[in-house]
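Both backbone and side-chain heavy atoms feed into the values below; hydrogens, waters and symmetry mates do not.
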Amino acid sequence: MNTVRHPKLNTALGLVIIAVLLFPIYWMVNASLQPGGATVDTAWLPLNPDLAGYRTALEEQGGNLVTSLMVAVGSVALSLAVAVPAAYALVQFRIRWADYLLFGVLISQMIPGIVIANALYNVYAEIGLLNSIPGLILADSTAGIPFAILICRALMGSLPPALVEAAHVDGAGPVRAFLSVVVPVSRNAIITAGLFTFLFTWGDFLFALTLTTTEEVRPVTLGIYNYLGAYVNDWSSVMATAVLASLPAVVLLAVAQKYVAAGATGGAVK
Amino acid sequence: MSITSVHEATTAPTAPGQRGEGHAAPRVSARASAWRHRLVTALFIGPAVLYMLLFFGYPVVQNVIMGFQHYTITTFFTGEAPWAGWSNYTEVLTSPLFRTAAANTVIFTVGSILGQFLCGLGLALFFRRRFPLSGALRSLILLPWLIPLIVASAVWKWLLDTDAGALNRVLIGSGLVESGIPWLSSTGLALFTVIMVNIWIGIPFNAVILHGGLQTIPQELYEAGSIDGTSRWQAFRHITWPMLRPVVSVVLVLGVVYTLKVLDIILGLTEGGPANATQTLATQAYQLSFATFDFGQGAAVSNILILISLLFAAVYLRLNRRPVDE
């Protein structure tokens, strides 16, 4: 079933499928390189690439890109710091209510973000976390923390107990055993969790939309949305911003492919 | 486990679980070690529990409460949210917009899931074949799923533009249509268009998960089948589909749960318009809370959304357990 009679024909068919599926991505890059201003009839090929769109994008959205980056990095740090030890404790310490906690983590992924935004907006307004990077980091980690717990738990459950016991025999306490033995061998799961947390947070729109009200702290996703809200007369800079906002995904796919597949399957099927 | 504890009991007169402290007074150190164990557990798992309670537990409870309150813009100034009983729910449920949003949610969810699943399954089956570049092409499929949703909305909004969008230019250029089709600005078409875009976004996820499921089907089954002279369709019908069923159920249920809460794509493409043609329960909840600042009614719609999600979550957890028994 796996070996095919006409491998070249299949490759050709595969290329056509990918070309159709990825045409929107091509169009985004193409449109971003067109001379700005005129919206009529974008050329099919960027024969005279023009970087004006990128210049405008960086001028208008550069600060927002930095905000997105800070929020994403912060959320990765927070999510891993909270989730990795918890995942380890869930599988290695015998905790009576571990199953309930795990159940809570699974259910939490089903809760619509708007529910969280509704409640957080009011609390944030009271304690002054609206329009702040820490506020966004905390809210955005609602995607990263449960996901990281699930991914890391799946891997740590399969670690041989002898590994940790050996560290204990060497005189290491639970914290040191965790840091010097468990974390290094769980590297792959932790990297997967970290990369996806970054993507979740970088692409977050709902919390950016609801928990920021001014231009001071504005993630790039909201910057794009605000472009779309008004009549767009310069698509090249909108598409240039879109390309810049897609860079993390492209980089990830290029350099960390195996983690991407692991994250896609690990998060869903247990 | 019992073997180790017997072993420990016979070799050393200490309580189990504190090997390094053999000479301390047994009873005191047993209690101390229990305390230490509790402290370490709290250190490892405490932050996660606290976070889950604050950022999932509290919002759910708060939404349930807000659903029974007149929680509006004045609440921010007066700090008072008078009790409203069921009035938020009756008001929301009897408004004609709710019926539109509910119907749209069903159409949007069913249409998206069906399209994503069928395309994803087709791609998964296709990429199971081994041919030059199959691995590289398969990983490229993931790109639409990895870019931010709002980016996808922006790109599609430009592609589908009535006057200058690439799709209409192709259609007009090839003589298929006379003038540009108003994909996103026609009340009759907008929901269909939004579903198509959402299918595009969901195909990669479905393809990857189903491809993973296909990899677990033992090759021998097909070899045995080919000796018996089964056709391709028969092999799919009698080997692939039954073996893939557990993965299929998980993909479908997760798909429903994710699609129910989709907000980015609809807000980016149409804002729920034109004339509420693409309004769903999620966008309605958002607009009630954050456009009209009626958090009470917004919470009421959100709670209905939670209820539907939890219903599917229950299905998911049951399905998740079943493959273990089989």
Side-chain angles (χ1 to χ4, degrees), chain A residues 1-4 7 10-11 14 18 21-22 24-25 27-28 31 39-41 82-83 85-86 88-89 93 95 104 107-108 110-116 118-120 125 142 145 149 174 199 202-203 205-206 210 221 224-225 228 235 238 242 245-246 249 252-253 257 260 264-265 268-270, chain B residues 40-41 44-45 47-48 51-52 55-56 58-60 62-63 76 128-134 137 139-143 146-151 154-159 164 166 208-209 212 222 247 250 254 257 261 263-264 268 282 285-286 289-290 295 298-299 302 305-306 309-310 313 320:
Chain A
M1 195 90 187
N2 270 345
T3 39
V4 282
N10 276 288
T11 305
I18 294 299
L21 268 182
L22 296 192
I25 309 262
W27 198 247
M28 166 175 78
T39 52
V40 271
D41 289 7
V82 169
Y88 173 69
F93 301 175
I95 303 171
I107 289 289
S108 74
M110 320 265 164
I111 295 173
I114 185 71
V115 170
I116 299 167
N118 268 343
L120 287 189
T142 50
I145 287 179
I149 291 179
L199 279 192
W202 178 267
F205 170 66
L206 179 64
T210 51
T221 45
I224 294 175
Y225 176 68
L228 299 181
W235 276 102
V238 179
S246 305
L252 185 65
L253 203 57
Q257 231 186 75
V260 174
T265 46
V269 190
K270 299 252 107 47
Chain B
V40 170
T41 306
F44 272 73
I45 214 164
Y51 183 87
M52 298 301 287
F55 285 84
F56 289 104
Y58 168 74
V60 170
Q62 177 65 10
N63 261 266
F76 291 104
R128 189 163 55 150
R129 302 176 183 176
R130 225 169 277 143
F131 54 84
L133 287 180
S134 63
L137 292 178
S139 58
L140 274 176
I141 293 185
L142 283 166
L143 204 50
L146 294 176
I147 61 172
L149 289 172
I150 200 73
V151 167
V155 174
W156 277 102
K157 196 168 184 181
W158 179 216
L159 276 166
V208 169
I209 305 284
Y222 293 105
V247 179
V250 170
L254 280 183
V257 172
K261 51 183 182 180
L263 205 69
D264 317 33
Y286 162 74
S289 288
F290 291 98
F295 280 89
S302 313
L305 208 56
I306 299 185
S309 293
L310 286 186
N320 232 354

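Neither the backbone nor the side chain of A83(A) has a heavy atom closer than 4.5 Å to any heavy atom of chain B. At a 4.5 Å heavy-atom cutoff, the contact between I111(A) and chain B is made by backbone and side-chain atoms alike. Proximity to chain A involves both the backbone and the side chain of F55(B), based on heavy atoms less than 4.5 angstrom apart. Of the atoms belonging to L228(A), heavy atoms from both backbone and side chain fall under 4.5 Å from chain B. In this structure, the portion of N63(B) lying under 4.5 Å from any heavy atom of chain A is its side chain and not its backbone. Heavy-atom distances place both the backbone and the side chain of I116(A) under 4.5 Å from chain B. For F205(A), the parts sitting under 4.5 Å from any heavy atom of chain B are the backbone and the side chain alike. Contacts between V257(B) and chain A at a heavy-atom distance below 4.5 Å involve the side chain alone, from C-beta outward. Contacts between L120(A) and chain B at a heavy-atom distance below 4.5 Å involve the side chain alone, from C-beta outward. Contacts of F295(B) with chain A are made by side-chain atoms alone, with heavy-atom separations under 4.5 Å and no backbone atom involved.
Contact detail for T142(A) and Y51(B): the closest heavy-atom pair is N-OH, 2.9 Å. Residues A31(A) and W158(B) approach most closely at CB-NE1, 3.6 Å, considering heavy atoms. Residues W156(B) and P24(A) approach most closely at CZ2-CG, 3.5 Å, considering heavy atoms. Across all their heavy atoms, V151(B) and I224(A) have their closest contact at CG2-CD1, 3.8 Å.
The side-chain heavy atoms of F56(B) and I107(A), taken from C-beta on, include no pair separated by under 4.5 Å. Contact check for L206(A) versus K261(B): no side-chain heavy atoms found under the 4.5 Å cut-off. Side-chain atoms of I45(B) and F93(A), non-hydrogen and from C-beta on, never get closer than 4.5 Å to each other. Using a 4.5 Å heavy-atom cutoff, the side chains of S302(B) and P112(A) are not in contact. For the pair T221(A) and D264(B), the minimum side-chain heavy-atom distance is 4.5 Å or more.
The choice from L310(B), L305(B), L146(B) that makes the most heavy-atom pairs within less than 4.5 Å of chain A is L146(B). Note: I147(B) leads L263(B), I147(B), L149(B) in heavy-atom pairs under 4.5 Å with chain A. Note on G298(B), P47(B), P132(B), A48(B): by heavy-atom pairs under 4.5 Å with chain A, the leading option is P132(B). Between chain B and the residues A125(A), A119(A), G203(A), the most heavy-atom pairs under 4.5 angstrom are made by A119(A). Counting heavy-atom pairs closer than 4.5 Å to chain B, the top-ranked of the candidates T210(A), V82(A), I149(A) is T210(A). Note on A282(B), A166(B), S134(B): by heavy-atom pairs under 4.5 Å with chain A, the leading option is A166(B). Chosen from A285(B), S289(B), A154(B), the residue pairing most often with chain A at heavy-atom distances under 4.5 Å is A154(B).
Between F44(B) and Y88(A), the ring planes lie tilted relative to each other; the angle falls in the 30° to 60° range.
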